[in-house]
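Worksheet: one structure, shown below.
Heavy-atom basis, side chains included; hydrogens, waters and symmetry copies ignored.
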Amino acid sequence: MNDNSDILNEIQLDALGELLNIGMGSAAASLSTMVQQEVLLTVPVIRIIHQNDVPKQLDDVPPQKVCGVKQTFRGNFSGDALLLFSEEKSLSLVRAVLGDSIPLEELGEMEEEAITEIGNIILNACLSSLANIFKEHLDSEIPQYLNEDIEQLFNVDNDDDCFVLLLRMSFSIAKQDITGYVTFIMDLESIAKIRTQINNMLGM
Amino acid sequence: MSQKSVLITDDSRMSRMMLSTIIKDLHPNWVIETAEDAQTALALTKTKSFDLFTIDFNMPGMNGLDLAEQLKPSFPNAKMALLTANIQDTIRNKAELIGVQFIAKPITVEKVAAFVGN
């Protein structure tokens, strides 16, 4: 099951990587508008793994505490989209977006709401792009602010369907030394639906 | 430009603040009201009149498109914009269908100025 090719073949993985590239390109453009500087993206990583193994896949040394936003989406395929970065970068990101328009003393107070809205914009840009390519409609739930231990975040109790499609791309804003991740977590049923969508798109 | 009144409906305080600041800078004499959800917006429109509405799509409770549809009959001449991060074609098309302008987040001075006028 850990072998991606059991579920998605090489062409399907390549197509999914390209779709993620397009979605993240749109998200990066939104973030770039917000911080008014260039946002760099890494090559997408796609893995089908046990959900408990997700933290190990996020970085060589995953941060202990992460901060970010989770947005659950539902449609032909469903799952969670997450924007994550290490906790200490949170305020830097808020400062990069809001600039000097908010007094420093109010910035901390605004942090949670600002991060939630930034996450909402980034994740929706990416999700919307994927929905548009697939000619689907995805309903997004209200974004949820996260600030917790990374192991806790991906800890699942039930063993029924805890293999997930991990789509990961990291972005960085050089001037602020901020690196973050966008991750999609989908169960096997949704992965199968994505595979069908890709096959239709590729005429397979 | 003559004084106008604007109602900003968005569940994000950051978005409400940014929009208010941009509109105030463009039109210092305009009256700006804010609502954090559709119910609050609807309650405000019972007692006040508005010339422009900016409405977020994804909010707790009623979504922005449903709110716009409810407001349209009472404010047939008001300008309305759906200002949202949800940039799916399905949402954009629905907005156009009910005569609501579609503005993709993130919020910028240029996008807001194009909607409210300089």
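The residue among D139(A), N132(A), T33(A) with the most heavy atom pairs within less than 4.5 Å of chain B is N132(A). Among L138(A), L31(A), L127(A), the residue making the largest number of heavy-atom pairs under 4.5 Å with chain B is L138(A). Counting heavy-atom pairs under 4.5 Å between each of M18(B), K105(B), R13(B) and chain A puts R13(B) at the top.
What you find for A85(B) and S128(A) is that their closest heavy atoms are O-OG, 4.1 Å. Minimum heavy-atom separation, I87(B) to S26(A): CD1-OG, 4.0 Å. Residues S30(A) and P106(B) approach most closely at O-CG, 3.4 Å, considering heavy atoms.
We find that E117(A) and R16(B) are not joined by a salt bridge, their nearest charged nitrogen and carboxylate oxygen being 4.0 Å or further apart.
S15(B) OG to E113(A) CD: the interatomic distance, rounded to the nearest 0.5 Å, is 10.0 Å. The distance from the CD1 atom of I142(A) to the OG atom of S12(B) is 11.0 Å, given to the nearest 0.5 Å. With rounding to the nearest 0.5 angstrom, the CD1 atom of I107(B) is 10.0 Å from the CE atom of M34(A). Within the model, atoms CG of L130(A) and CD of Q88(B) stand 9.5 Å from one another, a figure rounded to the nearest 0.5 Å. To the nearest 0.5 Å, the span separating CG on D11(B) from OG1 on T116(A) amounts to 9.5 Å. N120(A) CG to N86(B) CG: the interatomic distance, rounded to the nearest 0.5 Å, is 8.5 Å.
Contacts of L98(A) with chain B are made by side-chain atoms alone, with heavy-atom separations under 4.5 Å and no backbone atom involved. Interface remark: S129(A) contributes no atoms to any contact with chain B (heavy atom separation under 4.5 Å). With a 4.5 angstrom heavy-atom cutoff, V97(A) touches chain B only via side-chain atoms. For Q36(A), no part lies under 4.5 angstrom from a heavy atom of chain B. Contacts of M59(B) with chain A are made by backbone atoms alone, with heavy-atom separations under 4.5 Å and no side-chain atom involved.
Residues H137(A) and I91(B) are in side-chain contact: their nearest non-hydrogen atoms beyond the backbone lie under 4.5 Å apart. Between V94(A) and M14(B), every side-chain heavy-atom pair lies at or beyond the 4.5 Å cut-off.
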